[in-house]
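Reviewing the structure listed below.
Counting begins at 1 with the first residue of the sequence.
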Amino acid sequence: MKRVITTAALFATAALLVVGCTPGSSGDSGSSDSKSFEFWSFTGINQKTDVEAYKKKHPDINIKLTEVGSTSETAQALTAALAGGKVPDLVLIQGDDLPKFMQSPDNFVDLSTLGADKLKGDYLDWVMKQSTTEDGKIIGVPTDVGGMAVVYRTDLFKAAGLPTDRDQVSKLWPTWDAFAQVGKRYVQATGKPFLDNTPTSVFFQAVNQGTERYYDAERKLSYDRNPQVKAAFDLTLKVYESGISAKITSWSPGWTAGMSKGDFAAMSAPAWMLNAIKTNAPDTAGKWDVATIPGGSGNWGGSYLAIPKRAKNPKAAWDYIAEMQSPEGQLNNFLSKGNLPTTPSVYTDPRLLERTEPFFSNAPIGKIYTESVVNIKPFYIGPEDATIGSELLNTLTSVEQGKVEPANAWNTALTNVKNALRG
């Protein structure tokens with residue numbers, strides 16, 4: 001899973017809070033008991049459900065789960081702990097944060113020494129490569145991928161005279177330009193915004209659909225010269241200027257409220273986003289459906305489980321990983337929570353393909369989301385990807401808020417990225 005942090009202030013605040021107070025830093029609550037382990041996760045993905053399921057099958061195991069905060073706050077806390085604080089036995093790391101930790105693999109247990117080398121073939125190759133060092137050390141086991149799709153309000157589409165059947169809707173937007181045209185039809189018919197915002201629902205989707213992102217094939221920074229990044233950025237500005245955006249920043253109070261109020265009719269949604277909509281807009285059950293993303297494929301999100309080198313109970317943590325992230329474990333997780341598996345052997349399992357979601361008009365989410373990831377052309381994700389992506393996204397958010405002129409946006413974004421990288 002991934003949540004996009006869109007304000008630099010939040011990063012600064014998180015850094016100050018984390019350095020001052022690392023989870024578990026007051027006293028030594030750890031244990032050398034081989035049947036106990038401490039687990040750090042980020043919030044918003046209901047990791048408690050997985051922990052409780054594991055404990056139900058293994059009642060003799062004691063798991064101390066700490067939901068540290070956002071993905072970036074969890075990464076900050078782990079950074080501080082690795083620098084000399086008390087580390088957990090197990091930690092969940094968001095995919096774009098992982099490359100920074102891959103720069104110092106000796107901070108983590110090589111999971112191949114515990115059996116990951118025998119299991120790595122169970123996972124999507126391009127996902128597993130991101131947590132494997134050049135000399136073959138496995139630092140993390142993937143828990144999920146996001147996939148891509150668009151969720152839309154069938155009641156609002158109907159009121160605008162647009163099709164509501166998901167297959168017909170998918171055919172409306174084979175490209176992002178076509179998507180913008182549908183948005184304009186909606187705005188003309190209703191006088192209301194079509195899309196929640198363009199930074200996350202357009203840019204962050206389009207930039208993740210390319211064959212290269214912020215680093216080139218030689219693993220050198222290329223964000224400022226990669227035509228695919230510039231094209232995604234320009235596309236976002238074009239969609240913004242078409243007037244279809246509600247300009248409501250993702251994860252803001254207005255955004256979560258807007259889901260219920262009908263302040264927008266569509267938004268991009270990886271598999272993990274469905275739970276956020278169900279949680280924030282429970283009264284809209286049956287009013288949403290799921291359509292194909294423009295372009296057909298791509299991925300937004302995904303996380304890894306890792307074991308810090310100084311973990312007191314690495315074997316207990318590994319046993320949890322091996323069971324909960326097995327193909328069967330990931331399939332069960334998808335069936336219960338909707339997190340898309342990274343284990344392709346289950347992509348043809350009838351339980352996945354036949355999985356529908358009543359909240360989203362019985363959309364076949366297993367089929368839709370797996371089709372969005374099987375044709376991905378993977379690109380290298382480097383240690384500064386999270387920083388670069390956030391600054392590009394922040395600049396586009398500033399455009400929507402009227403703080404940056406579209407004509408100046410690209411140069412402003414490049415300046416912001418360079419300043420952030422120097423900082």
Do you know the tightest heavy-atom contact between Asp89 and Ile307? O-CG2, 3.2 Å
Donor-acceptor check, side chain of Glu384 to backbone of Leu421, threshold 3.5 angstrom: yes or no? no
Side chain of Glu73, backbone of Ser70: donor and acceptor closer than 3.5 Å? yes
Any donor-acceptor pair under 3.5 Å linking the side chain of Thr256 with the backbone of Asn280? no
Could you walk me through whether Val87 and Lys309 pass the side-chain contact (heavy atoms from CB on, under 4.5 Å) test, one step at a time? CA-CA 9 Å; Val87 298; Lys309 193 78 165 185; over 6 Å; no
Decide yes or no on side-chain contact (heavy atoms from CB on, under 4.5 Å) for Leu274 and Phe359, but give the supporting numbers first. CA-CA 9 Å; Leu274 301 186; Phe359 190 98; over 6 Å; no
Would you call Glu38 and Lys86 a salt bridge, using N to O less than 4.0 angstrom? yes
Approximate separation, where rounding is to 0.5 Å, of Glu400 CD and Ile248 CD1: 9.5 Å
Do the side-chain N and O atoms of Asn226 and Arg213 include a donor-acceptor pair separated by under 3.5 angstrom? no
Exceeds 12 heavy-atom contacts within 6.0 angstrom, atom CD of Glu405: no
Examine distances only and state if a side-chain atom of Asp385 and a backbone atom of Ile381 form a donor-acceptor pair shorter than 3.5 Å. no
Strictly by modelled atom types, are Trp300 and Gln209 linked by a side-chain donor-acceptor pair under 3.5 Å? no
Pair Thr74-Gln94, side-chain donor/acceptor within less than 3.5 Å: no
Which atom names give the shortest non-hydrogen contact between Ser41 and Leu92, and what distance separates them? OG-CD2, 3.7 Å
Hey, is the main chain of Thr387 close enough, under 3.5 Å, to the side chain of Ser390 for a donor-acceptor pair? no
Establish, from distance only, whether the side-chain atoms of Glu371 and Ser297 form a donor-acceptor pair under 3.5 Å. no
For the rings on Phe194 and Phe179, is their centre-to-centre separation under 6.0 Å? yes
When rounded to the nearest 0.5 angstrom, what distance separates CG in Asp349 from CZ in Arg351? 4.0 Å
Return the minimal non-hydrogen interatomic distance between Val399 and Pro406, and the atom names on each side. CG1-CG, 4.0 Å
Pairwise side-chain contact, Leu98 with Ser131, heavy-atom cut-off 4.5 Å (strictly under): yes
So CG of Asp319 and CD1 of Ile61: to nearest 0.5 Å the spacing works out to 7.5 Å
Output field: ring centroids Tyr223/Tyr214 closer than 6.0 Å: no
Using modelled atom types and a 3.5 Å cut-off, is there a donor and acceptor pairing between side-chain atoms of Thr284 and backbone atoms of Ala281? yes
Test salt bridge (Lys or Arg N to Asp or Glu O under 4.0 Å) on Glu323 and Lys57; report intermediate values, then the result. CA-CA 11 Å; Glu323 180 171 326; Lys57 294 178 66 175; 3.1 Å; yes
Kindly indicate whether the side chain of Trp255, heavy atoms from C-beta on, has any atom under 4.5 Å from the side chain of Asp196. yes
How close do Ser268 and Ser201 get, heavy atom to heavy atom, and via which atoms? OG-O, 2.7 Å
Any chance CD of Gln401 has more than 12 other-residue heavy atoms, nucleotides or ligands included, within less than 6.0 Å? yes
Between the side chains of Gln330 and Thr143, does any donor sit under 3.5 Å from an acceptor? no
Side chains of Arg166 and Val290: closer than 4.5 Å at any heavy-atom pair? no
Report yes if some heavy atom in the side chain of Arg355 is under 4.5 Å from a heavy atom in the side chain of Lys367; otherwise report no. no
Just so I know, are the side chains of Val145 and Asn339 near enough to count as touching, which here means a heavy-atom distance under 4.5 Å? no
Arg225: which residues meet the salt bridge (Lys or Arg N to Asp or Glu O under 4.0 Å) condition with it, sequence neighbours left out? Asp216
Ignoring hydrogens and angles, state whether a donor on the side chain of Tyr123 or Gln325 is under 3.5 Å from an acceptor on the partner side chain. no
Step-by-step side-chain contact (heavy atoms from CB on, under 4.5 Å) determination, Val51 to Tyr54: CA-CA 5 Å; Val51 168; Tyr54 188 77; 5.8 Å; no
Measure from the side-chain N and O atoms of Asn333 to the backbone N and O of Gly329, and report whether any donor-acceptor pair falls under 3.5 Å. no
Donor-acceptor contact below 3.5 Å, side chain Thr175 vs main chain Ala178: yes
Between the side chains of Asn394 and Asn416, does any donor sit under 3.5 Å from an acceptor? no
Got a second to check how far Phe101's CZ is from Leu82's CG, nearest 0.5 Å? 6.5 Å
Trace of the salt bridge (Lys or Arg N to Asp or Glu O under 4.0 Å) decision for Asp167 with Lys171: CA-CA 6 Å; Asp167 292 332; Lys171 290 178 181 178; over 6 Å; no
Below 4.5 Å, heavy atoms only, C-beta onward: do Asn362 and Glu357 meet side chain to side chain? no
With ring pair (Phe, Tyr, Trp, His ring centres under 6.0 Å) as the rule and sequence neighbours excluded, what pairs involving residues 366-388 come up? Tyr215-Tyr380
What's the verdict on salt bridge (Lys or Arg N to Asp or Glu O under 4.0 Å) for Asp289 and Arg153, showing C-alpha distance, side-chain angles and the deciding distance? CA-CA 7 Å; Asp289 208 328; Arg153 286 278 296 267; over 6 Å; no
Under a 4.0 Å N-O cut-off, is there an ion pair linking Lys129 with Glu134? no
So Asp135 and Lys137, do their side chains get closer than 4.5 Å, heavy atoms only? yes
Got a donor-acceptor contact below 3.5 angstrom from the Asn299 side chain to the Gly147 backbone? yes
Result of checking Leu235, Leu392, Thr198 against Phe203 for side-chain contact (heavy atoms from CB on, under 4.5 Å): Leu392
Classify the ring geometry between Phe37 and Phe39 as parallel (under 30°), tilted (30 to 60°) or perpendicular (over 60°). tilted
Compare every heavy atom of Pro88 with every heavy atom of Ala311, then report the nearest pair and how far apart it is. CB-O, 3.8 Å
Crowded around Lys247 NZ? As in, over 12 foreign heavy atoms under 6.0 Å? no
Euclidean distance, Met148 CE relative to Ile368 CD1, rounded to 0.5 Å: 15.0 Å
Scanning both residues in full, the closest heavy-atom pair of Ser250 with Asn197 reads OG-ND2, 3.0 Å
Pairs flagged by ring pair (Phe, Tyr, Trp, His ring centres under 6.0 Å) wherever residues 400-423 is involved - sequence neighbours left out: Phe233-Trp410
Short question: side chain of Tyr304, backbone of Val127 - any donor-acceptor pair under 3.5 Å? yes
Could you state the interatomic distance from CG (Asp60) to NZ (Lys35), rounded to the nearest 0.5 Å? 4.0 Å
Is there a side-chain contact between Lys337 and Asn275 (heavy atoms, below 4.5 Å)? yes
